[in-house]
Amino acid sequence: MKKRLEPQFFKNYFLLILILLAGLIIRLLTYPQVLEHDRIVFLETDPYYHMWRVFSYIDTFPKTFLFDGYINYPYGALVGWPPLFDQVTALISIILGLGKPGVHLVELVGVSLPVALGIFSIMAVYFITKEIFNERVALLGSLLVAVLPGHAQISFLGFTDHHIAEVFLSVTAFLFFIRSLNIRSINIGSLDNGSLKPAIISGIFIGISFMTWLGAPIFVGIILSYVIVQFIFDRRSNDRSNYLIFTGVVSFLSAILVIMIFYIWTPWQHSITAGTLSYFQPVFLAICAMMIVLSGYLSNLMKEQKWYYYPTLLIILFASILFLINIGAPTLYQGISTSIGYLLRDAPVLKQIVEAQPLFFSYDGTFLGWQFFSNPVWNAFTFSFYFAIIGLVWFLFTYRKGMDKGKLFFLVWTLIVLVLALFQRRFVYTLSINIAMLSGFFGDEIVQKVRSFLLRSNLKKNMSALIALIYVLLILFLVVPNLSMSYELSKYPPKPSDDWYDSLVWLRDNTPEPKYNTTEMNNEPEMNNEPQYGIMTWWDYGNWILYISKRPVVANNFQIGGDEAARFFVAQDEAFANTIMDKRKARYVIVDHRMGLNKFRQGDQLILKGTFFAVASFADKNIALYLDQNNLPNRNFSETMYARMHVFDGNGLKNYRMIYESEEMHYDLFEKLTKNIKIFEYIKGAKITGYASPNDTAYISGKIITNQGRIFEYKQEARVDENGNFEFTIPYSNDSPYKTRSLGFELKYGNNAISINVSENDVMNGSVIHLSSVKRKIMK
């Protein structure tokens with residue numbers, strides 16, 4: 001006889017559908033920012049590298065590449081990101097495009113996938129919260145996840161990044177792992193009280209997460225941490241723990257199997273390397289499975305001993321395992337220790353990345369907690385963070401005498417991701433799930449306590465109205481602020497400005513097209529005989545250049561090559577800067593307003609901000625070298641390659657000519673309007689030689705007109721040597737193929753003034769122009 005469904009069942013699922021619909025609408029709020037009339041715009045920077053890979057994968061699906069010759073140019077680099085997120089995007093595109101998807105279709109799939117995963121993750125939160133708590137908490141928790149900015153911003157339309165996949169996969173893996181804990185027997189032939197299925201499904205999602213994100217060992221670490229804590233609790237209460245051995249080992253072995261299946265067509269390093277797909281992932285899972293078996297064996301062995309001896313011996317056991325790994329497999333130990341150090345911000349490069357900063361602190365260590373309405377916590381959770389922290393305290397108080405397995409798992413999970421988020425604010429999107437669940441729990445506790453109070457006070461008549469009022473207050477306090485913040489984030493999401501987009505399209509259309517195949521999977525890129533070159537700019541813009549301009553970059557958002565880019569921009573000697581350009585085979589340089597030092601007023605105080613702080617740090621330079629006693633830019637800053645290019649238009653540079661400047665205007669350090677983005681070409685330059693009185697000074701100057709019609713003066717001076725020789729190197733020509741060109745030069749020395757026209761052939765080939773062949777005009 002079929003079980004009759006209660007009306008409450010339909011009511012709850014109707015509410016869940018409304019929550020999912022609300023979540024969908026919120027994630028589509030970026031529609032005007034993403035789907036523009038003539039193009040599709042992706043948010044942030046990493047989505048541009050994901051889409052760069054998607055298009056590379058479509059032609060070779062399901063094969064992917066491990067080595068990319070377009071980054072860290074000209075050396076290339078191994079790509080650490082696992083490929084599954086991009087493979088899924090490519091596969092959906094291939095299916096919808098009947099094998100030959102167009103660019104527009106692929107981009108539509110790319111911007112839509114995070115929205116779909118966002119909705120799936122809301123559903124996953126509903127089911128795991130229902131599993132741990134109850135239906136009421138599940139509805140409240142899923143509602144909060146739907147509106148939390150920390151979750152919404154990684155699943156907005158256009159945020160084509162693997163972060164939302166991490167959330168969905170981890171929550172789903174945890175859900176089935178919790179369900180697998182109901183197993184009471186390890187007799188494979190009789191599984192009436194449980195099943196292999198939950199543990200296997202959990203392992204499948206863990207394995208998939210490993211093929212989606214290099215940080216997936218965190219999820220295994222959460223499960224392993226819970227298992228160890230549960231072992232200790234079981235030992236204390238003298239309960240058997242064989243079910244933990246069974247579920248943990250089955251789950252981790254299933255994950256290993258999934259990874260090895262993917263390895264059949266996915267390129268991976270045949271070494272133990274934590275920074276990319278390698279033996280590290282399956283070996284790590286195998287070690288975790290072994291640790292569970294050893295912990296279980298030790299628990300059974302010590303069942304007659306005092307329970308507190310057990311955790312002591314566990315510490316000794318794990319320390320011994322790490323020691324043996326360090327001795328027998330140092331690369332594996334290095335991978336584990338490096339990964340832990342990375343999570344705890346031990347890597348120097350993290351100090352310059354915004355998302356890697358501590359949750360309550362800025363770059364310089366300033367505490368942000370007092371900036372209540374502008375710190376990262378408020379931007380990610382608004383009031384919900386503080387409500388959830390109180391809820392965590394209440395949770396601990398409520399279950400201080402003991403908690404079931406699901407709640408203990410939730411506690412371990414929450415504490416770990418909270419610590420991770422405190423060290424690096426990038427993990428707020430992971431923490432958002434726990435914040436929503438804790439807020440839902442605490443909100444429900446308030447409602448139930450009020451309900452109990454009303455029942456005891458004989459106020460049943462007004463109970464429904466009062467309970468409804470509490471729910472309204474909870475919505476006003478938790479939902480509305482988060483909804484408002486998510487809406488604000490959707491209006492101004494980080495993305496390439498129109499100015500940047502137009503500049504990079506110009507770069508693509510006006511520079512030689514490289515002839516390198518990005519899908520080449522060999523460790524050595526296959527280069528042909530045509531001239532190859534890279535783009536020198538700060539790493540912030542690397543992924544945009546890759547996808548929009550289709551050009552190789554010295555540095556991109558992986559920060560590889562960032563140190564050399566930094567040394568170029570802080571260089572005060574053009575010849576030294578040239579050695580970096582030659583080493584990196586770079587031909588074009590892009591600078592913008594934000595890369596420098598820019599003045600802002602904070603009340604009555606004048607302060608400096610800008611990416612140049614990070615540039616100097618990457619170059620191992622103290623920013624104080626570039627500031628005077630009034631904390632304003634000094635001569636050292638003015639002599640850097642960045643300042644000479646962006647602030648002074650490349651005036652006086654011998655081997656760099658501006659070929660493009662964007663339309664957008666900004667005020668520079670000297671309160672003068674200047675263009676936002678400027679592109680320079682690195683060339684040989686025409687050499688102008690002549691004779692004058694020994695130890696005299698020669699001058700050359702000319703007007704340069706840019707593509708925007710702006711005219712600026714270019715000038716150099718040269719000291720005449722003791723033999724009467726002088727030489728200039730000029731990078732501009734009168735017949736340049738670019739709209740930015742010379743309007744003619746005038747050379748002055750002694751009483752002589754000579755008009756000189758420089759051809760494009762001269763500046764490209766480094767031709768020598770002797771004054772003896774140039775008509776002279778004697779100055780009056």
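Checking each of Tyr70, Tyr547, Phe42 against Trp52 for a ring pair (Phe, Tyr, Trp, His ring centres under 6.0 Å) leaves exactly one that passes, namely Tyr70.
With no hydrogens or angles considered, a side-chain donor-acceptor pair links Tyr656 and Asn578 at under 3.5 Å. Side-chain N/O atoms of Glu717 and Thr697 include no donor and acceptor closer than 3.5 Å. No side-chain donor-acceptor contact under 3.5 Å links Thr740 and Arg657. With no hydrogens or angles considered, a side-chain donor-acceptor pair links Asp592 and Tyr541 at under 3.5 Å. Checking Asn72 against Arg584 by side-chain atom types alone, a donor-acceptor pair falls below 3.5 Å.
The two residues Met536 and Ala586 have their closest heavy-atom pair at CB-CB, 4.2 Å. The two residues Tyr667 and His593 make their nearest non-hydrogen contact at O-CE1, 3.2 Å. Shown here for Val570 and Lys621, the closest heavy-atom pair between the two residues is CG2-CG, 4.4 Å.
Leu597 CG to Leu608 CG: the interatomic distance, rounded to the nearest 0.5 Å, is 5.5 Å.
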Would Lys654 and Glu574 count as a salt bridge (charged side-chain N to carboxylate O under 4.0 Å, His left out) here? Give the steps. CA-CA 8 Å; Lys654 298 177 179 180; Glu574 184 177 354; over 6 Å; no
Please determine whether salt bridge (charged side-chain N to carboxylate O under 4.0 Å, His left out) holds for the pair Lys675 and Asp499, giving the CA-CA distance in whole Å, both sets of side-chain angles, and the decisive distance to 0.1 Å. CA-CA 10 Å; Lys675 301 298 184 179; Asp499 205 46; over 6 Å; no
Take Ser384 and Asn482 through the test side chain to side chain donor-acceptor pair (under 3.5 Å) and record every step on the way to the result. CA-CA 8 Å; Ser384 300; Asn482 284 304; 2.7 Å; yes
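Taking the ring centroids of Trp378 and Phe383, they lie under the 6.0 Å cut-off. The six-membered or imidazole ring of Tyr501 lies away from that of Trp544, with a centre-to-centre distance of 6.0 Å or more. Not less than 6.0 angstrom separates the ring centroid of Tyr588 from the ring centroid of Tyr682. Ring-centre distance between Trp506 and Tyr660: below the 6.0 Å cut-off. Taking the six-membered ring where the residue is Trp, the centroids of Trp538 and Tyr642 are separated by 6.0 Å or more. A ring-centre distance under 6.0 Å is not found for Phe728 and Phe745. When ring centroids are compared, Phe637 and Phe612 come within the 6.0 Å threshold. Remark: aromatic rings of Trp81 and His50 are close, center separation under 6.0 Å.
Of the possible donor and acceptor atoms, none in the side chain of Asp628 sits under 3.5 Å from a partner among the backbone N and O of Asn634.
A 6.0 Å sphere centred on CZ of Arg719 holds more than 12 heavy atoms belonging to other residues, nucleotides or ligands. By the 6.0 Å contact criterion, CD on Glu713 is enclosed, its count of non-hydrogen atoms from other residues, nucleotides or ligands being greater than 12. The neighbour count for Glu663 CD, taken as heavy atoms of other residues, nucleotides or ligands under 6.0 Å away, does not exceed 12.
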